[in-house]
A.B. asks: 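Okay, here's the structure, questions in a sec.
Naming convention: chains lettered A, B, ... in sequence-line order (proteins, then strands); numbering from 1 in each chain.
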Amino acid sequence: MAEGKVDAGPPVVRARPMAPHLQVWRWHVTMTASILHRATGVGMYLGALILTGWAIALASGPDAYAAYTGLLGSPIGKLVLFGFTVCIFFHMANGVRHLVWDFGKGFLPKTADATAVAAMAFAVVAAVVVWAIALLTGAAA
Amino acid sequence: MTQPKSYRTPLGRARGLGAAHHGVGHFIGQRASAAALLFLLLWGVWSALTVASAGYDGAVGWLHSPVNAGILVLLLGAAFYHGRLGVQVIIEDYVHTALAKTLSLLVNTFVCFGAFVIAALSVLKVAFSVIGAA
């Protein structure tokens with residue numbers, strides 16, 4: 001609305017500016033981390049439902065629990081749980097990255113690149129370590 | 001005599017120009033639950049390694065500890081709270097028609113609240129069960 005004008009009538013809804021989308025950006029590791037953060041978040045949403053299923057099965061008795069843990073212990077079940085583990089550790093590491101940004105730190109391109117790679121590496125290494133422990137202790141038998 | 005700049009109220013001028021549906025509650029809630037989940041999930045992964053090999057009786061016995069049952073309920077609460085906020089943002093980013101957006105947000109809320117209540121009650125049922133009576 002121009003300054004000094006007396007305006008009346010209904011509010012004018014202008015077309016809002018749109019942010020440039022994926023196709024105009026050159027690939028960048030921080031972009032990958034951002035996309036992975038969302039994807040792993042959805043993965044954990046599904047993981048929380050798997051955990052809910054576990055609680056229901058446990059409350060339903062030994063037979064239901066055996067059936068459910070049998071499902072989780074199948075090859076596909078283990079693959080899903082390994083993916084869930086990767087999701088947990090990536091979202092956790094990248095979440096810490098976000099919390100550091102909230103304090104105004106870590107925005108230098110080199111820092112942001114390095115922490116993005118670090119979050120991805122941590123996710124894979126931590127998940128492999130957890131599953132190695134599970135195999136060694138018989139938790140993933 | 002000075003000419004008024006506009007007869008429209010600040011609210012009238014702001015309407016239709018942005019989200020303006022909520023304040024900082026979402027932002028702070030997302031970060032507070034993130035901080036809690038950082039610790040709760042580390043505990044959760046560590047606990048899963050313990051419980052996975054313990055079988056039915058071991059899992060029931062594990063939940064008889066009020067500390068384990070309590071932290072698991074906290075983990076479920078923080079996870080579904082945080083997950084609801086996160087998926088809400090995804091819906092707001094990608095679903096633009098009013099009806100589909102409203103329905104998606106409603107389903108997201110129902111799933112998270114529903115799953116949390118059922119999971120928490122399951123944990124508490126096991127936690128309060130008498131060993132050997134299940």
Side-chain angles (χ1 to χ4, degrees), chain A residues 1-14 16 37-39 41-42 44-49 51-66 69 72-73 81 84-85 88-89 91-93 95-96 98-99 102 126-127 130-131 133-134 136-141, chain B residues 3-8 12-18 27 30-31 34-35 37-38 41-42 44-46 48-57 59-60 63 72-73 75-76 79-80 82-84 86-87 89-90 93 108 111-112 114-116 118-127 129 134:
Chain A
M1 301 303 137
E3 291 282 306
K5 286 261 176 78
V6 179
D7 56 325
V12 180
V13 181
R14 288 182 286 119
R16 304 296 297 154
H37 195 69
R38 207 161 251 207
V42 173
M44 292 170 84
Y45 193 89
L46 302 175
L49 295 176
L51 179 61
T52 301
W54 175 86
I56 295 170
L58 187 65
S60 303
D63 295 339
Y65 189 70
T69 49
L72 293 182
L81 289 182
F84 183 27
T85 316
I88 289 172
F89 285 121
H91 205 89
M92 186 186 284
V96 170
H98 271 276
L99 291 175
D102 289 339
V130 163
W131 278 77
I133 293 171
L136 289 172
T137 59
Chain B
Q3 183 92 358
K5 279 182 181 170
S6 169
Y7 285 119
R8 290 174 58 198
R13 278 199 299 277
R15 269 196 183 129
L17 293 178
F27 181 93
Q30 195 167 38
R31 274 137 192 91
L37 282 165
L38 178 61
L41 279 173
L42 288 172
V45 171
W46 177 69
L49 285 171
T50 315
V51 176
S53 57
Y56 175 78
D57 292 335
V60 170
L63 273 185
L72 184 54
V73 170
L75 167 59
L76 286 162
F80 280 116
H82 189 87
R84 176 174 164 267
V87 170
V89 173
I90 295 177
D93 276 358
N108 179 37
V111 165
C112 289
F116 170 67
I118 292 170
L121 283 176
S122 300
V123 168
L124 294 179
K125 186 195 169 197
V126 175
S129 68

A.B. asks: How close do A/T52 and B/A115 get, counting heavy atoms only, and between which atoms?
C.D. replies: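 That closest heavy-atom pairing would be CG2-O, 3.7 Å.
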A.B. asks: Which pair of non-hydrogen atoms, one from B/Y56 and one from A/L58, has the smallest distance, and what is that distance?
C.D. replies: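 It is CE1-O, 3.6 Å.
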A.B. asks: A/Y65 and B/A59: which non-hydrogen atoms are nearest, and at how many Å?
C.D. replies: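 It is OH-CB, 3.6 Å.
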A.B. asks: Tell me, out of A/V96, A/V42, A/L49, A/T85, who's got the most heavy-atom pairs with chain B below 4.5 Å.
C.D. replies: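 Most heavy-atom pairs under 4.5 Å with chain B: A/L49.
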A.B. asks: With a 4.5 angstrom heavy-atom cut-off, could you sort out which part of B/D93 is near chain A: side chain, backbone, both or neither?
C.D. replies: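 Only the side chain of B/D93 comes within 4.5 Å of chain A.
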A.B. asks: Are the side chains of A/M92 and B/V45 in contact, using a 4.5 Å heavy-atom criterion?
C.D. replies: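 Not in contact.
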A.B. asks: Taking all atoms of both residues into account, what is the closest heavy-atom pair of A/A139 and B/L49, and its distance?
C.D. replies: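 What the structure gives for the nearest pair is CB-O, 3.4 Å.
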A.B. asks: To the closest 0.5 Å, what do you measure between NE2 (A/H91) and NE2 (B/H82)?
C.D. replies: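 The NE2 atom of B/H82 is 4.5 Å from NE2 of A/H91, to the nearest 0.5 Å.
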A.B. asks: How long is the span from the CG atom in B/L72 to the CH2 atom in A/W54, to the nearest 0.5 Å?
C.D. replies: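 Here the rounded value is 6.0 Å.
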A.B. asks: Quick one: closest heavy-atom pair of B/S122 and A/A55, and the distance?
C.D. replies: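 Looks like CB-O, 3.3 Å.
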A.B. asks: For B/L63, is it the side chain, the backbone, both or neither that has a heavy atom under 4.5 Å from a heavy atom of chain A?
C.D. replies: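 The answer is the side chain of B/L63.
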A.B. asks: So do the side chains of A/L51 and B/F80 get within less than 4.5 Å of each other, counting heavy atoms only?
C.D. replies: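 Not touching, per the 4.5 Å side-chain cut-off.
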A.B. asks: Supply the atom-to-atom distance A/M44 CE to B/L41 CG, rounded to the nearest 0.5 angstrom.
C.D. replies: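 That separation rounds to 4.5 Å.
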A.B. asks: Highest number of heavy-atom pairs under 4.5 Å with chain A: which of B/L38, B/I90, B/V123?
C.D. replies: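 So the answer, after comparing B/L38, B/I90, B/V123, is B/I90.
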A.B. asks: Using a 4.5 angstrom heavy-atom cutoff, name the option from B/L124, B/L42, B/L75 with the most pairs to chain A.
C.D. replies: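 Of the candidates given, the most pairs with chain A belong to B/L42.
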